[in-house]
A.B. asks: 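My questions will all concern the structure given below.
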2 protein chains.
Amino acid sequence: MSNLELPVLEPEAVPCCAPLSSAELSVGDSVTMAAMFKALGDPVRLRLFSKVASAEGGEACVCDIQDVGVSQPTVSHHLKKLREAGLLTSERRGTWVYYRVAPSVVAGMAALLDLDR
Amino acid sequence: MSNLELPVLEPEAVPCCAPLSSAELSVGDSVTMAAMFKALGDPVRLRLFSKVASAEGGEACVCDIQDVGVSQPTVSHHLKKLREAGLLTSERRGTWVYYRVAPSVVAGMAALLDLDR
């Protein structure tokens, strides 16, 4: 594996997903989950996440994203932050890095907020 | 309606709740929703939110919360931030302010992340 290869996130790694109404969150889980919510806590980043989530074929690269009002390096920076938080996975193909939503991670966040369950 | 008039958020109004996979988020909705996610993007605040959400009777006041490792004024500050973001509602009764989860707002956040829908 070369140094340029991107880290692979295990698809099953969802730290917790019991609804917040059913039990108090542990200190450890609150650190992990807060980092995920924080990743969506910026308007530009949230829009970028929605662009990837709603993209045709379920994936997008920086080359697909022009209309968010920030520069391409800034788009790359935000997408990387979303990947580091576990919300996106990435794959390099040729010149570009393609991003996809990590469905189980996002499902874990949704489950946490599903207070009626 | 004049150009200067700002949109009024009804207390029960959830600005958007179509899953992010179904459509790209608008600029306006991304600002509103990012503020909500940001409110949960701090480990202590997320734990406090989980304490309120899982509290007996569905409500809690600062007087009920001792074990998060921060001072009572800090707890109050965080609860106020969660209320300002729309995630909690509050009611003063005597000396204390009691907090409850705003279920429709939190349901809107969960719906946004429900990518399989």
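To find a chain, count down the sequence lines: A is the first, B the second, and so on, and within it residues start at 1.
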A.B. asks: Check whether B/V70 and B/F49 end up in the same hydrophobic cluster, where Ile, Leu, Val, Met, Phe, Trp and Tyr are linked by side-chain heavy atoms less than 4.5 Å apart.
C.D. replies: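 Both belong to a single hydrophobic cluster.
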A.B. asks: Report the C-alpha distance between B/L46 and A/V31 in whole Å, list the side-chain angles of each, state the deciding distance to 0.1 Å, and finish with yes or no for side-chain contact (heavy atoms from CB on, under 4.5 Å).
C.D. replies: CA-CA 9 Å; B/L46 183 57; A/V31 170; over 6 Å; no
A.B. asks: Could you measure the distance from the CZ atom of B/R45 to the CZ atom of A/F37? Nearest 0.5 Å is fine.
C.D. replies: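 Reported to 0.5 Å precision, the distance equals 12.5 Å.
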A.B. asks: With a 4.5 Å heavy-atom cut-off, do B/K38 and A/D42 have their side chains touching?
C.D. replies: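 Result no, sub-4.5 Å side-chain heavy-atom pair not found.
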A.B. asks: Between A/P43 and B/A34, which heavy-atom pair has the shortest distance, and what is it?
C.D. replies: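 Here A/P43 and B/A34 meet closest at N-CB, 3.4 Å.
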A.B. asks: For a 4.5 angstrom cut-off between non-hydrogen side-chain atoms, does B/L113 reach A/L40?
C.D. replies: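 Yes, close enough: below the 4.5 Å cut-off.
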A.B. asks: Which distance, rounded to the nearest 0.5 Å, do you find between the CG of B/L20 and the NZ of A/K51?
C.D. replies: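 These two atoms lie 12.5 Å from each other.
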A.B. asks: Give, as side chain, backbone, both or neither, the part of A/V101 having an atom under 4.5 angstrom from any heavy atom of chain B.
C.D. replies: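 The side chain, not the backbone.
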A.B. asks: Main chain of B/E24, side chain of A/S50: is a donor-acceptor contact present, judged purely on distance under 3.5 Å?
C.D. replies: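 Judged by distance alone, no pair lies under 3.5 Å.
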A.B. asks: Count I, L, V, M, F, W, Y as connected when their side-chain heavy atoms are under 4.5 Å apart, and connections chain through other members. Are B/Y99 and B/W96 then in the same cluster?
C.D. replies: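 In one cluster with B/Y99: B/W96, yes.
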A.B. asks: So which heavy atom on B/R47 is nearest to which on A/V27, and how close?
C.D. replies: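 What the structure gives for the nearest pair is NH1-CG2, 3.4 Å.
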